[in-house]
Amino acid sequence: MNLDLLLQSEIQKAVTAVFNQTVENLQLQATNAEFEGTHTLVCFPLTKLSRKGPEETARMVGEYLLANSGVISKYNVVKGFLNLSLHDSIWVEALHAIASDPNYGQIPYNGQEIMIEYSSPNTNKPLHLGHLRNNFLGYSVSEIYKANGYNVHKVQIINDRGIHICKSMAAWKLFGNGETPQSSGTKGDHLVGKYYVIFDKTYKAQTSELIAQGLTEDEAGKQAPIMVLASEMLRKWEQKDTETVELWKMMNSWVYEGFDATYKRMGVDFEKLYFESDTYLLGKELVMQGLEKGIFFKKEDGSVWVDLTSDGLDQKVLLRADGTSVYMTQDIGTAILRFTDFPKISGQVYTVGNEQEYHFKVLFLILNKLGYEWAKRCFHLSYGMVDLPTGKMKSREGTVVDADDLMQEMHDEAEKQTRELGKLEGVSETDAQALFEMIGLGALKFFLLKVDPKKRMLFDPNESIQLQGFTGPFIQYTHARIKAIVRKAESLGIHVNPQDLRAVTTLEPAERDALYLISSFENKIREAAKDYSPAIIANYAFELAKAYNQFYQSIPIFSEENTSKLKFRVALSYTVARIIKRSMKLLGIEVPERM
RNA sequence: GGUCUCGUAGCUCAAUUGGAUAGAGCAACUGCCUUCUAAGCAGUAGGUUGCUGGUUCGAUUCCAGCCGGGAUCACCA
């Protein structure tokens, strides 16, 4: 039962009856806490058909509902707002329906498939804080789409070739002395990242020396020996030189081993990985075809371009004069390959930072020009950068927050605070460690997901390890506390079956508040998908936990003498726990049975 | 400079897409553990929503112009 739909139809009936007119879009919203009621009809828009003042209009609708609808128990009018109270039996019925539905929070399969790309790192350095936002966001949006009835394919493109990895390779060749993850005990992605940093330092030293010798900045940049080596490696790689390819394979394999560990700890996964080294040539052919069809044009030097001036954009290069492909070319190829690999997908979502908005605007326009009708169903899930209190993260200045380090710090902080609270009696060390991990990562994920993805956000380390207030652990704690109630009910031999609930006829305000939120869960799931926003789920889960805590604090359960009410409250608690768990699952966050 | 984007309490974020007296958390202050887990609850204080106009019953939201951040406009990815 969907309360909103029920109310909509009741109100539509009322409007038809009272004003002899039909209305399609009703503005129904939650009632402000200061007024009585749960649902509010905004009546200003109705004054056009009622041809009466807003208050009079509201009163007439309210009066009709009270007299003719079995749903409304009371109403009041404040200005043009009609505040409605529902019969408690409606709320009881709502809980009954939800408690009887094991799939509440999972909207039935809608027959649609969708692809969601996220993560997509370069393979020359380890993952950092920015990747965490990307991964948690992409994973969560995937879960949200699954909950909306979509068949979701999670993929990523790994940028495994190019000058960036050659830089690490060059530095390792010069300074590595054969160092491996095994020989040094360093995680593979960190080891490769270390040589990327060494490259950068060496490169800077060499260029400034060359500049001191009288070269221009441009010349020095190109002639620095280590850069010459890296460029040579890139060339050799493209010519499939055995030694270079072997080195490339070895170092990439180190990175993948490291990434796998990081992804595992983050709790994210992928159905299929695309590698740039496999796909970078694909786009070329398609561009050549486009050239033949006259969609693109060639300049005198042989480079191929697309003209987007009629779309308000510039000209964009697609193939260099030497015939090699650029980033855009690869993305064209990859996009088309994906629709070939997954012919049933209706669209594609690219989880990529907002600094690439222009790029995707261009990409989608090109795909459209090439005649792919699905181009308009490609969506750039553009999210804002993560700033630090010290400003922007800059890898060159060593201000990046490493993903592995951060996850460990969150774990350690969760451990510290949990031990201080002395909550680990009778808990084994293994279970305790699992709990710290759950809390630490829960805090981190929630912190990054509670903000609207579109917005740039600030990552304050001190705030992120908070476990009180608007945080993941607050919600996890609420869940754990409810589970204690459920266990107690079981130990007392109290078993609730949905039929028992109907024996309850009156409710407390705190119970209604919780029920209001419970019954709006699926609307939130839809809204979150429509907006690609886990923040909507995060805010919802927090609201629900808060509402439950108010109930928990003000209304006794086991000392209640009325057995029906007692059972009702146990069922309400259990349902809240279920929905909290489900909501958090949509964010990729686990919840504990006790903490 | 062109295009895009953001500006809300001391700080970090919300605001049902144009609705009520703009809400939470943190930080500060005051209460509540003999009762189901106090990682909790209740309360106090904190605002000219960057500024100026406009659109209308009604604007944080839409429009215009300023002010101030950020992104982007590479034969980089």
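By convention in this document, chain letters (A, B, ...) are assigned in the order of the sequence lines, proteins followed by strands, and residues within each chain are numbered from 1.
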### Phosphate OP1/OP2 of B:A39: any A:K423 side-chain N/O under 4.0 Å
yes
### Query
Which one, B:A77, B:A20, B:C73, comes nearest to the side chain of A:F81?
B:A20
### Message
What's A:P556 touching, base or sugar-phosphate or nothing? Going by heavy atoms closer than 4.0 Å.
### Response
base
### Task
Mind calculating the distance between OH (A:Y548) and C1' (B:A39) to the nearest angstrom?
16 Å
### Message
The side chain of A:L458 is closest to which nucleotide in this list: B:U37, B:A77, B:U12?
### Response
B:U12
### Task
For the pair A:Y350 and A:F360, name the ring-plane relationship: parallel under 30°, tilted 30 to 60°, perpendicular over 60°.
tilted
### Message
Please report the distance separating the P of B:U52 from the corresponding atom of B:A45, rounded so that it comes out in whole Å.
### Response
27 Å
#### Entry: Separation of atom CD1 in A:I536 from atom C1' in B:U17, rounded to whole Å
10 Å
### Between B:G25 (P) and A:F470 (CZ): distance, integer Å
10 Å
### Distance, rounded to the nearest Å, where A:H359 contributes NE2 and B:U5 contributes C1'
19 Å
### Message
Using a distance-only criterion (donor-acceptor N/O pair, under 3.5 Å, no hydrogens), is the base of B:A20 paired with the side chain of A:N83?
### Response
yes
### Message
Applying a 4.0 Å non-hydrogen cut-off, can you work out what A:D322 is touching in the nucleic acid: base, sugar-phosphate, or nothing?
### Response
nothing
### Message
I'd like to know if A:K416 and A:D412 make a salt bridge, using a cut-off of under 4.0 Å between side-chain N and carboxylate O.
### Response
no
### Task
Report the C-alpha separation of A:H479 and A:E593 in whole Å, then their side-chain angles, then the decisive distance to 0.1 Å, and conclude whether the side-chain contact (heavy atoms from CB on, under 4.5 Å) test is met.
CA-CA 7 Å; A:H479 179 267; A:E593 294 298 304; 3.9 Å; yes
### Query
Contact class for A:P389 (heavy atom, under 4.0 Å): base, sugar-phosphate, or nothing?
nothing
### Touch class at under 4.0 angstrom, heavy-atom based, for A:A480 against every strand present
base
### Message
Under 6.0 Å from the ring centre and within 45 degrees of the ring axis: does the NZ or CZ of A:K450 meet both conditions for the six-membered ring of A:F542?
### Response
no
### Query
Which part of the nucleic acid does A:E34 contact within heavy-atom distance under 4.0 Å: base, sugar-phosphate only, or nothing?
base
## Note on the structure
Quick note, A:I439 side chain, CB onward, closest among B:A24, B:C73, B:A39 is B:A39
### Message
Under 4.0 Å, counting only non-hydrogen atoms across every strand here, what does A:V451 touch: a base, just sugar-phosphate, or nothing?
### Response
sugar-phosphate
### Query
Do we count A:F44 as stacking onto B:G19 if the rule is ring centres under 5.5 Å and planes under 30°?
yes
#### Entry: Row check, A:Y196 ring normal vs A:K125 NZ/CZ: under 6.0 Å, within 45°
yes
### Task
Between B:A77, B:A20, B:A74, spot the one nearest the side chain of A:N159, thanks.
B:A77
#### Entry: Minimum-distance nucleotide to A:Q27 side chain [options: B:G19, B:G40, B:A20]
B:G19
### Query
When we call it a touch if two heavy atoms are under 4.0 Å apart, what does A:D460 touch: a base, just sugar-phosphate, or nothing?
nothing
### Query
To the nearest angstrom, how far is A:K48 atom NZ from B:G18 atom C1'?
12 Å
### Query
What's the closest nucleotide to the A:Y552 side chain, out of B:A14, B:U21, B:U37?
B:U37
### Task
Have a look at A:V78 and say if it touches a base, only the backbone sugar-phosphate, or nothing, with a 4.0 Å heavy-atom cut-off.
base
### Query
If you check every side-chain atom of A:N32, which of B:A20, B:G25, B:A77 has the closest atom?
B:A20
### Query
How would you label the contact of A:Q29 with the nucleic acid (heavy atoms, under 4.0 Å): base, sugar-phosphate, or nothing?
base
### Task
For B:U17, measure the glycosidic angle (O4'-C1'-N9-C4 for a purine, O4'-C1'-N1-C2 for a pyrimidine) and name it syn if it falls within 90° of 0, otherwise anti.
syn
### Message
Measuring from the side chain of A:R456 (C-beta onward, heavy atoms only), which nucleotide among B:A14, B:U72, B:G70 has the closest atom?
### Response
B:G70
### Task
Please work out whether the ring planes of A:F199 and A:Y203 are parallel, tilted or perpendicular, with thresholds of 30° and 60°.
parallel
### Task
Using atom CG of A:L28 as one end and atom P of B:U17 as the other, report the distance to the nearest whole Å.
11 Å
### Task
Determine, for A:R419 against A:E415, whether the closest basic-nitrogen to carboxylate-oxygen distance falls under 4.0 angstrom.
yes
### Task
Might you work through the side-chain contact (heavy atoms from CB on, under 4.5 Å) test for A:E511 and A:R569, ending with a clear yes or no?
CA-CA 8 Å; A:E511 291 172 320; A:R569 287 169 192 169; 2.9 Å; yes
### Summary
Given the 90°-from-0 boundary between syn and anti, B:C67 should be labelled anti
### Query
How long is the line joining CD1 of A:I482 and P of B:U37, in whole Å?
12 Å
### Task
Answer yes or no on whether A:R161 is positioned over the face of A:Y280, meaning its NZ or CZ is under 6.0 Å from the six-membered ring centre and within 45° of the axis.
yes
### Message
Classify A:I555 by what it touches in the nucleic acid, base, sugar-phosphate, or nothing, heavy-atom distance under 4.0 Å.
### Response
base
### Task
Report yes or no: is there a donor-acceptor pair, N or O only, under 3.5 Å between the side chain of A:K455 and the base of B:U5?
no
### Task
Tell me what A:S559 touches on the nucleic acid: a base, only sugar-phosphate, or nothing, going by heavy atoms under 4.0 Å.
nothing
## Note on the structure
The residue, A:A545 or A:K530, whose nearest nucleotide of RNA chain B is more 5′ is A:K530
### Task
Select base, sugar-phosphate, or nothing to describe what A:Y327 touches, counting heavy atoms under 4.0 Å on all strands.
base
### Message
Using a distance-only criterion (donor-acceptor N/O pair, under 3.5 Å, no hydrogens), is the base of B:A20 paired with the side chain of A:T40?
### Response
yes
### Query
Given B:A20, B:A39, B:C36, which nucleotide is nearest the side-chain atoms of A:L467?
B:A39
### Query
How long is the line joining CG of A:L566 and C1' of B:C36, in whole Å?
10 Å
### Message
Students often get this wrong, so: under 4.0 angstrom with heavy atoms, is A:M385 touching a base, only sugar-phosphate, or nothing?
### Response
nothing
### Query
Which listed nucleotide (B:C36, B:G40, B:U16) is nearest to the side chain of A:K488?
B:C36
## Note on the structure
RNA chain B nearest-nucleotide lookup for A:F35 and A:R320: closer to the 5′ end is A:F35
